[in-house]
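Residue numbers start from 1 in every chain, and the chains themselves are labelled A, B, ... in the order their sequence lines are given, proteins ahead of strands. What you see is a predicted model; the values in this text were computed from it and never measured.
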Amino acid sequence: MKDDDLITLWKQGNYELLTNRRFDHAELEALLTSRIGKVSSSLYLSIVFYTLVQIAAMVLIGFDLYGYRSNVRMLAVLISMLIMCSLFLGYGVFLLNHIRSIGYGCLDVVTTIRQKLKIYRTHYEVWMWIMSISLVFLAFALNALIDNNNGTYPINHPVVFAVGNVSMLLLVYGVQKFAQLKALRHITMYIADLQNNALAESRKLEEAKHRYRIVRLVLLIVLILLLLWGIVKCLQGVL
Amino acid sequence: MGMIEEHQDIIHKISGLYADNEEDRRDLDQEIVCQLWKASASFRGECKISTWMYRVSLNTALLNLRHKKRRPQMQQLTEHHDNVTAGTDDQEQKDEIRRLYAAIQQLREFDRAIILLYLEQLAYREIGEILGISAGNVSVRLVRVKQTLRELLGRGLKNER
């Protein structure tokens, strides 16, 4: 088929399509109104959510500072946490503005994709650690508030306490890292497409998707079995 | 808003190629309109309006990483193809149009963008400006994409017979 024939066919195909699908002004406004409040970027949502977590942590630390005002050691810990939360908050605001400034408007496709990739590889990597630490701080601040024993915070099993907090930190980071890798894979595929390696990348992506499907299934089965085991143990204890 | 309304054909052409079914197409239309509206504040007329709209719309379509509902491939294509062939009574032409759209939708996402802009008769320089590649790169890639498209069209014709 000649190029001119392709173009003619394309135009013919578009003619009726576009006639039937035109939006009028009211329809366009309706599309915008229903959408404009939503944020379509999961990255943006994540940053907003964890910024709120940091604010919550700072509020709780504020209460703790009053509750442990006579405990020098706790004061030192809480003030350090407060300073770190403030820095995290500042970084979160910076990141939100940075993402908003990129948008989709001014740049060509390749540059937009590359900018998005850069954010995922640099700023978001830092942000994932910040998210994990923020949650640990929030949990600690809440526990300190509840377990305040006349201005002391009893840690009966320091090793368990430390291991528990580190585990939580690594778990939150791990989950976020998994999601980041998935998002990065799609974006790097587009970049590879530009370098004519798309076939190989598309195949790798499909294989990875298939592998992840199996991993998810196995994980689901393990979790269900653990849940059932827990329920059985509970019932045995009760009966 | 007037700008978007005037050039909305661009939105429909892109959503028609990048959405698998009618529901996804409506979602993508909405997403593109929203992104265009947001980006319009920063548009200073440094390029043609159509170039800018192609850029934003393709960015949105290509970076719109959504989980799509699983539907059989043929069912996804048939909906769209019925729309594009409704305007003609010539059965042979209808079949050719259907085959063309089916073939384009089998191309990789980035190649779809290139062939779409080519079929819209944009200059290589303009295509490069929209996609962020050089005009030379456009020319080279277009040769490959057209060849792939012709092979897909040939395969489609063979399957029908």
Side-chain angles (χ1 to χ4, degrees), chain A residues 1-3 5-25 27-38 40-42 100-101 103-114 116 182-183 185-187 189-194 196 198-199 201-202, chain B residues 1-2 4-5 8-9 11-13 16 29-31 33-43 46 52 55-56 58-60 62-65 80 83-88 93 96-98 100-101 108-111 113 118-121 128-133 137 141 144 146 149-150 153:
Chain A
M1 195 181 279
K2 292 184 189 157
D3 288 356
D5 295 335
L6 283 174
I7 292 170
T8 309
L9 265 182
W10 171 257
K11 284 187 169 159
Q12 182 64 38
N14 275 329
Y15 178 75
E16 183 67 22
L17 181 85
L18 298 173
T19 311
N20 283 338
R21 282 187 180 163
R22 285 194 76 80
F23 296 130
D24 59 30
H25 193 86
E27 281 169 326
L28 276 174
E29 282 205 351
L31 278 178
L32 272 178
T33 315
S34 66
R35 192 66 181 216
I36 208 77
K38 289 187 207 171
S40 54
S41 162
S42 61
R100 211 181 284 139
S101 71
Y104 289 153
C106 309
L107 304 167
D108 58 74
V109 170
V110 169
T111 311
T112 308
I113 293 170
R114 286 205 162 114
K116 191 160 180 174
K182 209 175 162 196
R185 203 176 279 274
H186 280 96
I187 297 171
M189 195 192 82
Y190 287 132
I191 296 288
D193 194 4
L194 299 173
N196 287 319
L199 270 178
E201 291 302 314
S202 297
Chain B
M1 186 75 93
I4 297 171
E5 199 178 341
Q8 61 174 284
D9 293 352
I11 301 172
H12 297 302
K13 286 172 199 172
D29 276 344
Q30 195 176 41
E31 185 67 29
V33 167
C34 183
Q35 293 299 336
L36 282 166
W37 187 84
K38 282 187 201 169
S40 61
S42 55
F43 178 61
E46 56 273 3
W52 170 79
R55 196 184 281 162
V56 176
L58 282 169
N59 271 335
T60 309
L62 285 169
L63 293 173
N64 190 22
L65 305 173
H80 180 68
N83 284 326
V84 303
T85 59
T88 176
Q93 193 174 46
E96 279 189 332
I97 292 170
R98 223 177 251 135
L100 175 63
Y101 274 81
R108 293 192 295 268
E109 283 96 343
F110 204 78
D111 289 346
Y118 169 74
L119 291 172
E120 288 295 308
Q121 297 183 286
E129 206 183 301
I130 291 167
L131 298 176
I133 54 180
N137 198 342
R141 293 175 74 87
R144 185 176 55 77
K146 280 195 277 183
L149 190 63
R150 288 193 179 97
L153 282 167

One should read off an interatomic distance between Lys13(B) NZ and Trp10(A) CH2, to the nearest 0.5 angstrom, of 7.5 Å
What part of Glu129(B) gets within 4.5 angstrom of chain A, counting heavy atoms only: side chain, backbone, both, or neither? backbone
Segment of Leu36(B) engaging chain A (4.5 angstrom heavy-atom cut-off): neither
For Leu119(B), is it the side chain, the backbone, both or neither that has a heavy atom under 4.5 Å from a heavy atom of chain A? both
Roughly how far, to the nearest 0.5 Å, is the CG atom of Leu6(A) from the CD atom of Glu96(B)? 9.5 Å
